[in-house]
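Notes for the one structure printed next.
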Amino acid sequence: MSFINQLNSVQQNAAKQVEGPVMIVAGAGSGKTRVLTYRVAYLLSIGVPPYQLLVLTFTNKAADEMKKRIVSLVGDKSASAWIGTFHSMFARLLRYESEHIGYGKNFSIYDTDDSLGLIKNIQHDLEISAQSFKPNAIRARISSAKNKLVSPDQFEIIAKDIFEEKTALIFKEYQKRLKQNNAMDFDDLLLKPIELFERHPKILSKYQDRFRFILVDEYQDTNRAQYKLIKMIAGKYKNICIVGDDAQSIYGFRGADIRNILDFEKDFPEAKIFHLEQNYRSTQTILTAADQVIKNNVNRIEKTLWTDNPKGEPISVLSCQSDTDESEKVAANIKKAILKYKIDFLNIAILYRTNAQSRSIEDALRRSGIPYLIIGGIEFYKRKEIKDVIAYLRLIVNPKDDISFQRIVNYPVRGIGDVTVNHLKAVAEECKCSFFEAVDFVTEAKGISKNAIEKLKQFRKLIQKFIDLKTILSASELSRSLVDDIGILKEFKEEGTVESLSRMENVHELLSAITEFSEKNENGGLEAFLQEVSLVADVDQLDDKHNAVTLMTVHSAKGLEYDVVFIMGLEEGLFPIFQAIQSTNEVEEERRLFYVGMTRCMRKLYLSYAYSRYRMGELTYPNPSRFMKEIKDDLYIYENGALRKESGFNKELDFFDRPIKSQVPFKKLKNYSEKKVVVQHFRNYESQSQVAEELHVGSVVRHSTFGKGRILQLNGNGDETRAVIDFENAGRKQLMLKYAALEVL
DNA sequence: ATTAGGCGATTTTTT
DNA sequence: ATCGCCTAAT
């Protein structure tokens, strides 16, 4: 057990306290994953059989990392432990048990897109206008209800406005249809096990006995459903260890619930609590800066994170003219950093707030010849051509899956249009069966043309053929022969555009992925593969083989560390994101997110922002992020003098010299009149209009149509200036100042 | 009945 | 820039 000596004493105690409930409050870089892995190793070393372990993480990356580290510590004997994300582990469990709650073992897993499609169908059928009631909003609302363990019936009771009433109707139907389709959405993967355990205490008891030791990583990000699940499974032996850090809670939008931390102590009053406060990862400079930032959150648990590490390099700030300029500067600084710090590409990460930002940095990296690897983004499995092939495979595995059926019934085009599908739908409803089965009952009497019936039958025959083949062909053979049969590759080839060629490659890649999967996994059937793709967002990511810079969102970076980290796009409206700016809570979540980003860095941190950026197809002129200003100026330096050298800028215009409160959350604007702040239109002084001079963020104005409102944001300059205004009665609008004729009140 | 092309609305983060 | 929806053409 020599490995245990590689931990400090608190870490050791935390790792060895294997009986009873344990909470480990672990600051960033304090060796949290290390403690968890050693804990697993320790459990195995004292004779606990690996199959008694359930280790739950939040992301696939975290799970992979954990597995890797455990294997390197104890070897393959950990293989039968269940280590993975909540979603994948409970999907696995449901594959064994779903029949007890009325689902087939071959259930489909619907991703967000599939759910949305289902909701659109339902809205259509229930005649609920998709114009007035946005399917996306309804999907989000349903998901958030499910995260909070609110059932459709409860939701109906508490619905407080027309939107929620409609949502309640759709919610009910949605759950019904999921079941009809033998499908579960992401939330169901957590809710259905709860239902299973509640209805079948014996099954719960079986898993309680099996999983004697439960470990939960990133506990601050669990939602109520996850909390309830682990509470149930741990209910008998109570050997549960949770690890978390409130300062790194960044999934509030997905239902993560801070109460879970408080309730843990209530539900397990005998819990032992360990605090890990020594940071082993970052330099003092980085840690101090991160602390200065997070201190601005009112809502937080006071913590003193400290380190023995050296002071290290100052943080470099890249002040840039445009997004292109920013990307180029990042690329240039990567080259410099590699020489200066004697590191490799793979020791560098580039983080951003939104996936959309990756494109511009990708271009710059390509031009500079810097190898890179993107995590997430336009995920492989979300690409249309891939989803199409997957839909075929899903339908073959689960013919009840009407969403997949609809997706491919006319792809490639085979003359089955909306009208025919609607007829089929009516038939399916009548005989209470799936679309697939309904094909058999379609007759001309139902008003469908002979031609259409023939085409439907052909389609059914095609799928049936593969359902039959499935018993004799391997997953790999079956999917290859399928792709051949439906002829999509030929179609792409004929199109011949760059785009379609890349689609073709993607399909080939999918086929290789299936082959590889079957080879690697003993029971690597089609079902298992489909489950894997539904839940694994980033395919083959993060293998250390490639020497490449890693690009990803700050969310994806959680739990990872790099020598050199670039955080890009530190601008108001981007980071913190526009949608969060009006709510203190959401700004605090953005700030925690920034904190997570900063603390990924071991040695040298770069922060960048641009004064102009293309967003949603148009040019915007953002201001630097408030988070930048929260770092004291003795911790950073400007990496490049470009700001001063290049035309159109001079030192006075640098944001650090500008009045600092140009953007304040709406709620804090109450006494704004005393603190008027001039909005900076620092690009074209000449064209700056008179109106813009008088208007400020926070000004109260009157508009001839919309009435009274307050300015939340000013974008652009001169004639192009647009104001985001929150009107008392008309809600939030974006107006061009030159047209709006606003009256200052 | 289907498809192609044009128009308007819309994008945070993940399983 | 991209997606979905609507309308007009095939």
Side-chain angles (χ1 to χ4, degrees), chain A residues 56-63 84-91 109-117 120 124 129-131 134-137 140 143 146-147 184-191 218 221-223 225-226 249-256 351-357 359-360 375-379 381-384 410-423 447-449 451-452 455 499 531-538 552-559 569 573-581 586 589-590 592-594 596-597 614-619 734:
Chain A
L56 298 170
T57 64
F58 212 66
T59 62
N60 291 300
K61 251 185 291 200
T85 63
F86 271 92
H87 290 84
S88 61
M89 292 302 99
F90 287 102
I109 297 173
Y110 282 178
D111 68 15
T112 312
D113 281 347
D114 302 320
S115 298
L116 189 65
K120 282 179 184 164
H124 180 81
S129 152
Q131 298 273 302
K134 293 272 173 340
N136 242 324
S143 175
K146 290 173 88 167
N147 283 164
M184 300 196 199
D185 66 11
F186 286 143
D187 303 319
D188 282 338
L189 295 178
L190 305 173
L191 294 177
E218 307 285 9
D221 288 326
T222 53
N223 62 30
Q226 288 163 323
S249 162
I250 55 174
Y251 284 98
F253 71 95
R254 218 175 89 178
L351 310 183
Y352 34 76
R353 179 63 179 82
T354 65
N355 281 309
Q357 286 166 259
R359 179 159 295 182
S360 111
I375 307 278
I378 316 139
E379 289 149 26
Y381 289 110
K382 288 212 174 122
R383 289 176 198 164
K384 186 185 174 304
N410 199 30
Y411 178 85
V413 177
R414 46 173 79 87
I416 304 173
D418 285 347
V419 177
T420 310
V421 171
N422 279 332
H423 281 302
I448 310 173
S449 75
N451 199 359
K455 283 172 175 157
E499 169 116 28
Q531 171 168 324
E532 186 94 349
V533 273
S534 316
L535 297 173
V536 175
D538 330 299
M552 61 193 145
T553 63
V554 191
H555 279 92
S556 308
K558 194 160 73 153
L574 185 58
F575 201 175
I577 197 98
F578 177 67
Q579 290 90 333
I581 280 181
E586 287 181 49
E589 179 151 316
E590 294 286 304
R592 289 193 294 272
L593 186 58
F594 183 48
V596 167
Y614 274 98
R615 284 189 78 190
M616 294 171 218
E618 68 172 327
L619 198 55
Q734 180 160 175

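Proteins get letters first, then strands, A, B, ... in listed order; numbering begins at 1 in each. None of these values were measured; they are calculated from a predicted model. Computed over heavy atoms, backbone and side chain alike; hydrogens, waters and symmetry mates excluded.
Taken to the nearest 0.5 Å, the CG atom of Leu191(A) stands 7.5 Å off from the CG atom of Asn147(A). If you take CZ on Arg359(A) and OH on Tyr614(A), they are separated by 14.5 Å, rounding to the nearest 0.5 Å.
Regarding Gln579(A), its CD atom lies at a distance of 13 Å from the P atom of dT10(B), rounded to whole Å. With rounding to whole Å, Arg615(A) atom CZ is found 15 Å from dT2(C) atom C1'. Atom CD in Glu218(A) sits about 15 Å away from atom C1' in dT13(B), given to the nearest Å. Distance, Phe58(A) CZ to dT14(B) C1': 8 Å, rounded to whole Å. Distance CG (Asn451(A)) to C1' (dT2(B)): 12 Å, rounded to an integer number of Å. Between the NZ atom of Lys146(A) and the C1' atom of dT15(B) there is a distance of 13 Å, given to the nearest Å. In this structure, the OH atom of Tyr110(A) is 17 Å from the C1' atom of dT15(B), given to the nearest Å. One atom, CG of Asn223(A), and another, C1' of dT15(B), lie 10 Å apart when rounded to the nearest Å.
A search for side chain to side chain donor-acceptor pair (under 3.5 Å) contacts involving Glu218(A) returns Lys32(A), Gln220(A), Lys558(A), not counting sequence neighbours. Phe58(A) pairs by the ring-ring contact (aromatic ring centres under 6.0 Å, His included) definition with Tyr251(A), not counting sequence neighbours.
Evaluation of Phe253(A) against the base of dT13(B) yields a stacking contact (centre distance < 5.5 Å, interplanar angle < 30°).
Within 4.0 Å (heavy atoms only), Tyr251(A) reaches sugar-phosphate atoms of the nucleic acid but no base atom. At a threshold of 4.0 angstrom between heavy atoms, the contacts of Asn410(A) are confined to the sugar-phosphate backbone, with no base atom among them. Using a 4.0 Å heavy-atom cutoff across all strands shown, Ser88(A) reaches no nucleic acid atom at all. At a threshold of 4.0 angstrom between heavy atoms, the contacts of Leu116(A) with the nucleic acid are absent. Residue Phe86(A) is classed as having no contact, given no heavy-atom separation below 4.0 Å to the nucleic acid.
For Lys120(A), the listed nucleotide lying nearest its side chain is dG4(C); candidates were dT13(B), dG4(C), dT14(B). Considering only the side chain of His555(A), dT13(B) comes nearest among dT12(B), dT15(B), dT13(B).
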**Message:** Between Leu574(A) and Gln357(A), is the side chain to side chain contact (heavy atoms under 4.5 Å, CB included) condition met? List the steps.
**Reply:** CA-CA 10 Å; Leu574(A) 185 58; Gln357(A) 286 166 259; 3.5 Å; yes

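For the pair Ile250(A) and Lys134(A), nearest-nucleotide mapping onto DNA chain B gives the more 5' position to Lys134(A). The nearest heavy atom of DNA chain B to Glu586(A) and to Ala452(A) marks one nucleotide each, and the one closer to the 5' end goes with Ala452(A).
Between Asn355(A) and dT14(B) there is a side-chain N or O to OP1 or OP2 distance below 4.0 Å. Checking the phosphate oxygens (OP1, OP2) of dT14(B), a side-chain nitrogen or oxygen of Ser556(A) falls inside 4.0 Å. Residue Thr420(A) places at least one side-chain N or O under 4.0 Å from the OP1 or OP2 atom of dT2(B).
Dense packing is recorded around CZ of Phe253(A), with more than 12 heavy atoms of other residues, nucleotides or ligands lying under 6.0 Å away.
Applying the 3.5 Å distance criterion, the base of dT15(B) shares a donor-acceptor pair with the side chain of Thr112(A).
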